[in-house]
Protein chains: 2
Amino acid sequence: MATIRDVARKANVSIATVSRVVNNNPHKVNQATRKKVLEAIRGFDYRPNALAKGLLMKKTMTIGIIIPDISNPYYAEIVRGVQDMADQYGYAILLLNTDRNQDRIIRHIYFLREKSADGIIFSGGIIHGEKVLSSLKELIERVVVIGRHKVDFPAVIIDNVGGAMKATQHLIELNHKRIGFIGGPDKSTTAKERVSGYKNALIQRGYPMNSELTRKGDLTARSGYLLAKELIQKEKPTAIFAANDLMAFGAISAAKESGLRVPEDLAVVGFDNILFSSYYVPPLTTVEIPMYHVGAAAMEMLVNLIAKKNAEKLRWFDTRLLVRDSTAKRKLGKE
Amino acid sequence: MATIRDVARKANVSIATVSRVVNNNPHKVNQATRKKVLEAIRGFDYRPNALAKGLLMKKTMTIGIIIPDISNPYYAEIVRGVQDMADQYGYAILLLNTDRNQDRIIRHIYFLREKSADGIIFSGGIIHGEKVLSSLKELIERVVVIGRHKVDFPAVIIDNVGGAMKATQHLIELNHKRIGFIGGPDKSTTAKERVSGYKNALIQRGYPMNSELTRKGDLTARSGYLLAKELIQKEKPTAIFAANDLMAFGAISAAKESGLRVPEDLAVVGFDNILFSSYYVPPLTTVEIPMYHVGAAAMEMLVNLIAKKNAEKLRWFDTRLLVRDSTAKRKLGKE
DNA sequence: CTGAAAGCGCTTACAG
DNA sequence: CTGAAAGCGCTTACAG
């Protein structure tokens, strides 16, 4: 790979001059020299070495995104949003999966520090452990989190509680009395918010709190399937609200296998509105979150944070209940 | 962030010595000195700067993975495999989406060269355009592709043709006469292989080639839905083979909406076996590809390629037909 | 307008 | 066993 030195030699100028034309430095460069340099650059197909530049400038145009698992469509969609925004600003993203394991989080943070990442976006899992925080060091001022965290980082917040309430109220309005809930692991703040939404709604309407009707899953379709089977057999709910679409799919699958019709014998609501939930059979009633935009917003906040301008501390996203056939029998267009 | 200089000063040694203990250099370091250095390192929570190291060593322990779209579960699963293997070897991965756009591919390649990536994994799309190849430059020896390409890169190959043949034969054996096919864009070699498998199987059994029965989609559920609707109305197939699971979901959704029962009135087969296809209703008959292992294998090959050892040029993955309820009415466990 | 020089944080031959 | 020095490829004040 050609270096700035090669270009300088070819164009018969100093490397300083080459640097100036490469970076469109405000420093004036004579038209003729610029042309010579540009030609040499083209000749070599020269690209400045980002490592050298990063080392000197203490800016790498690289950020890390730490998520539980990219194979979960929820995170994949967020990452896509982050990615597209990062592209626009010329940032590269380093993707890191944690499987919600604290040690891996810490290892990833160290890794990002070694690589001189300019910032970090966190989504999923809890990052307020003392060890996690202290491992952040100089990066601690360059963190944006998605979701609510005890620590006061700039954050993109999704109205999970409100969304879960809407979903539950919807089931109540359809006259369901025994509404089961399939939640996520305690490590997921998102999942915890969704349970509270569910409970809030029940309390508000004077429902008895019936803890046999709730289960904790791991947010996979498989877990939704297994827990729904159990719930159906033991508790005979007439409706199930699952903390995400994947588990809702599993629940519907379990219902069908148990000979129940959806929604007639069992209504099911999900959460997230992942890309294909409107193509499920029946189309899934769910709570929509604009994951893509959440990711994009997080990246935008991080860019501003790094540039130290516009110290926006919070971005709030509302949710929207999408009623489809898994709860109500009416025809709706696909979205 | 503390530098090697800080550590050296604190431990009263030269930076060379610090470097030696950090890197477990074979060069002998006295026990006592080593201890002093280790203490200083712990004191500062020192991490070597990867940029400086990379610049010097011409090795960054970073690779790029270029895919069409991370929000497609197929690629997400591959990326997860790449990721886990990369973790094991201490590599970071830079994720880049192309949306199958040639210009973006080229931009991404330049980007990776600037960042001094040690290698590239390509999946999806065609990379044999002259412009793409020449943009690779010094990286051209550090490329592993997933899927078949005209250019002779080390590759992980999936038996798409064979898988598509098995799927089609399965439908033929169920006595279907009008078997529709919903494929992917021409830019996808994978999709093209799957059409050929379909055609091969038909020809083998002496079926007339009926091009009205085939459609080209874009591999999303939405596109499967739209094309299946059209196919159902115009061509009245009794079975549809979709080039991926997402489109198969869309097709089933369209069938139900058109009042057709699946599999009785319309049998549907997908391809990929993405995580939740066994939780679809009905569970989807599909061709399984071990995406995760494909990703992991690609990363392993790239690591070896970079280390210049074990010049494995090809890794072959077989596919497996999973018969579930969308084609045959028999009870099967979930997987 | 242009260039020589310092320096970002490392590793490794070389000398002692 | 340990250290001084060179050098990876850049940018930017400083001098001319």
Side-chain angles (χ1 to χ4, degrees), chain A residues 1-38 40-41 44-62 90 110 112-118 137-138, chain B residues 1-38 40-41 44-62 110-118 137-138:
Chain A
M1 181 114 174
T3 72
I4 196 172
R5 193 141 263 125
D6 300 319
V7 176
R9 199 149 20 210
K10 177 81 164 265
N12 250 309
V13 297
S14 74
I15 59 169
T17 300
V18 176
S19 172
R20 287 186 191 112
V21 349
V22 167
N23 296 296
N24 280 110
N25 195 300
H27 202 108
K28 286 274 173 290
V29 175
N30 176 11
Q31 270 305 327
T33 355
R34 157 166 279 122
K35 188 159 296 175
K36 274 196 307 185
V37 172
L38 253 15
I41 288 177
F44 284 115
D45 196 15
Y46 165 73
R47 296 277 139 175
N49 180 317
L51 296 181
K53 182 165 183 170
L55 185 57
L56 194 53
M57 313 286 280
K58 296 185 170 335
K59 184 116 196 285
T60 54
M61 298 304 283
T62 302
Y110 274 114
L112 290 173
R113 286 212 288 138
E114 286 178 18
K115 299 258 179 214
S116 307
D118 292 337
K137 295 263 162 165
E138 71 280 1
Chain B
M1 181 113 173
T3 73
I4 196 171
R5 195 140 261 126
D6 299 319
V7 175
R9 200 151 16 211
K10 176 82 164 265
N12 250 310
V13 297
S14 74
I15 59 168
T17 301
V18 176
S19 172
R20 287 184 191 114
V21 350
V22 168
N23 295 297
N24 280 109
N25 195 299
H27 202 109
K28 285 273 172 292
V29 174
N30 176 10
Q31 270 305 326
T33 352
R34 157 166 279 123
K35 189 160 297 174
K36 273 197 306 184
V37 173
L38 253 15
I41 288 176
F44 284 116
D45 195 16
Y46 165 72
R47 296 277 138 175
N49 180 316
L51 296 181
K53 184 166 183 169
L55 184 57
L56 194 53
M57 313 286 279
K58 297 188 169 330
K59 183 116 197 286
T60 53
M61 297 304 283
T62 303
Y110 274 113
F111 194 74
L112 290 173
R113 287 213 287 139
E114 285 177 18
K115 300 257 177 213
S116 305
D118 292 337
K137 294 263 161 171
E138 71 281 0

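Sequence lines set the chain letters: A, B, ... in the order given, protein chains first and strands last, and positions in each chain run from 1.
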Practice task
Check the distance between C:dA5's C1' and A:Arg5's CZ and give it to me in whole angstrom.
Solution key: 11 Å
Fill in the blank from the handout: When pairs are called at under 3.5 Å and a stem needs at least three consecutive Watson-Crick or G-U pairs, the stems of DNA chain D are C:1-3 with D:14-16, C:5-12 with D:5-12, C:14-16 with D:1-3
Problem - Separation of C:dC10 P from A:Glu114 CD (nearest whole Å) - result: 10 Å
Exercise for the section: Working to the nearest 0.5 Å, report the span between CZ of B:Phe44 and CD1 of B:Ile4. Expected result: 12.5 Å
Handout entry: For A:Ser116 against A:Thr60, the heavy-atom pair lying closest together
Key = O-OG1, 2.7 Å
Handout entry: Value rounded to 0.5 Å, distance of CZ in B:Arg47 from OG1 in B:Thr3
Key = 15.0 Å
Exercise for the section: Would you check if B:Val21 and B:Ile41 make a side-chain contact, meaning some heavy-atom pair closer than 4.5 Å? Expected result: yes
Practice task
Enumerate the residues from residues 49-58 of chain A whose closest heavy atom to DNA chain C is under 4.0 Å, giving them by residue number; use none for an empty result.
Solution key: A:Leu55, A:Leu56, A:Lys58
Practice task
Tell me which of A:Met1 and B:Ser14 sits closer to the 5' end of DNA chain D, going by the nucleotide each one is nearest to.
Solution key: B:Ser14
Problem - B:Ile4 CD1 to C:dT12 P, straight-line distance once rounded to whole Å - result: 11 Å
Problem - Member of B:Leu51, B:Thr62, B:Asn49 meeting the side-chain contact (heavy atoms from CB on, under 4.5 Å) criterion with A:Lys115 - result: B:Thr62
Practice task
Check whether any side-chain N or O of B:Ser19 sits under 4.0 Å from OP1 or OP2 of C:dT12, and answer yes or no.
Solution key: no
Handout entry: Separation of atom CD in A:Glu138 from atom C1' in C:dC8, rounded to whole Å
Key = 15 Å
Practice task
In whole angstrom, give the distance that lies between atom CG of A:Asp6 and atom C1' of D:dC8.
Solution key: 13 Å
Problem - Whole angstrom value for the distance that separates C1' of D:dA4 from CZ of B:Arg9 - result: 16 Å
Handout entry: Under 4.0 angstrom between B:Thr3 side-chain N/O and C:dG9 OP1 or OP2
Key = no
Problem - Validation row: A:Glu114, B:Lys53 side chains within 4.5 angstrom (heavy atoms) - result: no
Practice task
Specify the separation, in whole Å, of atom CG of B:Asn23 and atom P of C:dT12.
Solution key: 7 Å
Practice task
Drop me the distance from A:Lys137's NZ to A:Arg113's CZ, to the nearest 0.5 angstrom.
Solution key: 6.0 Å
Handout entry: Side-chain-base donor-acceptor pair under 3.5 Å for B:Arg20 and D:dG3
Key = yes
Completion exercise
In whole angstroms, the gap separating P of C:dC8 from NZ of A:Lys115 amounts to 22 Å
Practice task
Determine: side-chain N/O of B:Thr17 to OP1/OP2 of D:dT2, distance under 4.0 Å, yes or no.
Solution key: no
Practice task
Measure the spacing between OG1 of B:Thr33 and CG of B:Leu38 and express it to the nearest 0.5 Å.
Solution key: 11.0 Å
Handout entry: A:Thr33 vs C:dT2: side-chain N/O to OP1/OP2 distance below 4.0 Å
Key = yes
Practice task
Drop me the distance from A:Met1's CE to A:Asp45's CG, to the nearest 0.5 angstrom.
Solution key: 7.5 Å
